[in-house]
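To start, the structure under review is shown below, and the notes come after it.
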Amino acid sequence: MHDILIIGAGPAGLSAARWCDDLGLDTLVLEQKEEVGGQLLSVHNPIDNYPGASVANGRELRDRFVEQTKDCDFDLWTQVEIADVDLRARRVVLRSGEEIQSIAIIIATGLRRRKLGIPGEDEFFGRGMIESSADRQAFAGKDVCVIGGGDAAAENALLLAEVCPTVTLVHRGKKLRSRREFTEQLHTNHCITVFPESVVRRIIGDEQVEAVEIERAGAIKPFQMAVQGVIVRIGFEPNTESFRDQIDLDERGYVRVDARQETTVTNVFAIGDVASPLAPTISGAVGAGATAAKVIASRLGR
């Protein structure tokens, strides 16, 4: 039996764990991946809007978070697979068969990148599907396709255009949703072609990505374009499948919480991006972790 079980070790989970330790709570943190840090590990650009820190990328900020928790007494288990969660009983069963009980649970499971769900997307993982613009040197000299119309898609298109001869940006809207500075650069970069009101129907290839099939609004039929790399940037979705029938979620699957970060189940809290559809920020995640820890500590008389 633990005082608190935290599911997820991104900025929110690490913040909550640090505060729980300071408040004298027996805490266990479960992380599915090998490394802690969550979305920070996917941020390859400088971060200069987190108070008190200016870092080259998300990993550097993650390292600072880890450094501040190295002397804490909370337990951290990584590469953990959860088989079942009973929030009302505050019980978690791991794939290994181990059962964990706690007085309170903090959900800090974060987000994942949304997929297109088209043929070839999963099949070509690691064989032409670009995970991040940080991998762009591996695609230098190749033609690539970027799918999406927001800031992430635009920024990745611009970064890839620095090393790729052609970059095709495909998005379903009439206008790009990206900020003006990105949009202006897209339209003035001779390497980038933008296809609005268009969708990619499938990714084609043999051993590697060789082409995408694009359907444009008003066209008689789709056409194929030869590319050797594809990157998908169509937003994020919350990791809430395990809790879907146990707590109140909004229409997009984000956890609904009150001012205490508490869900609709007593002593079950949600923090970070999984409960922040309007403002998913590092600062907000860290603050929410502190709030949940303080509320739980006050209830336990600590």
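These values consider heavy atoms only, across backbone and side chains, with no hydrogens, waters or symmetry-generated copies. Source: prediction; values computed, not measured.
- None of Val29, Ile7, Ile296 except one satisfies the side-chain contact (heavy atoms from CB on, under 4.5 Å) rule with Ile106; the exception is Ile296.
- Remark: Glu34 CD is loosely packed, at most 12 non-hydrogen atoms of other residues, nucleotides or ligands lying under 6.0 Å away.
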After noting the C-alpha distance and the side-chain angles of Arg18 and Gln68, does the key distance pass the side chain to side chain contact (heavy atoms under 4.5 Å, CB included) rule?
CA-CA 8 Å; Arg18 171 65 190 269; Gln68 289 187 341; 3.5 Å; yes
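- Linking Ile, Leu, Val, Met, Phe, Trp and Tyr residues whenever their side-chain heavy atoms come within less than 4.5 Å places Ile82 and Phe243 in a single cluster.
- A distance of 5.0 Å separates CD1 in Ile107 from CG in Leu87, rounded to the nearest 0.5 Å.
- Ion pairing of Lys175 with Glu197 is absent here, as no side-chain N (NZ or NE/NH1/NH2) approaches a carboxylate O to less than 4.0 Å.
- Atom CG in Leu159 sits 4.5 Å away from atom OG in Ser133 (nearest 0.5 Å).
- Criterion: ILVMFWY side-chain heavy atoms under 4.5 Å apart, direct or through other members. Under it, Val200 and Leu186 are not part of a common hydrophobic cluster.
- Summarising the geometry of Thr188 relative to Glu184, their closest heavy-atom pair is OG1-O, 3.0 Å, with the distance given to 0.1 Å.
- Arg88 has its side chain within reach of Val265: a pair of non-hydrogen atoms, C-beta onward, lies under 4.5 Å apart.
- How far CZ of Arg127 is from CG of Asp206: 8.0 Å, rounded to the nearest 0.5 Å.
- For the residue pair Ser178 and Asp151, no side-chain donor N or O sits within less than 3.5 Å of a side-chain acceptor on the partner.
- Closest approach of Leu169 and Ala153 over heavy atoms only: CD1-CB, 4.0 Å.
- Counting heavy atoms from C-beta outward, Ile247 and Arg256 have side chains that stay 4.5 Å or more apart.
- None of Asp273, Leu40, Val43 except one satisfies the side-chain contact (heavy atoms from CB on, under 4.5 Å) rule with Ile282; the exception is Leu40.
- Residues Arg64 and Val55 meet the side-chain proximity criterion, which asks for heavy atoms closer than 4.5 Å.
- The two residues Arg114 and Ile234 have their closest heavy-atom pair at NH1-O, 3.2 Å.
- Seen from the ring of Phe195, Arg216 counts as a face-on cation partner, given the 6.0 Å and 45° thresholds.
- In this structure, a donor-acceptor pair under 3.5 Å is absent between the side chains of Asn57 and His44.
- Nearest heavy atoms, Arg244 versus Leu249: CA-CD1, 3.7 Å.
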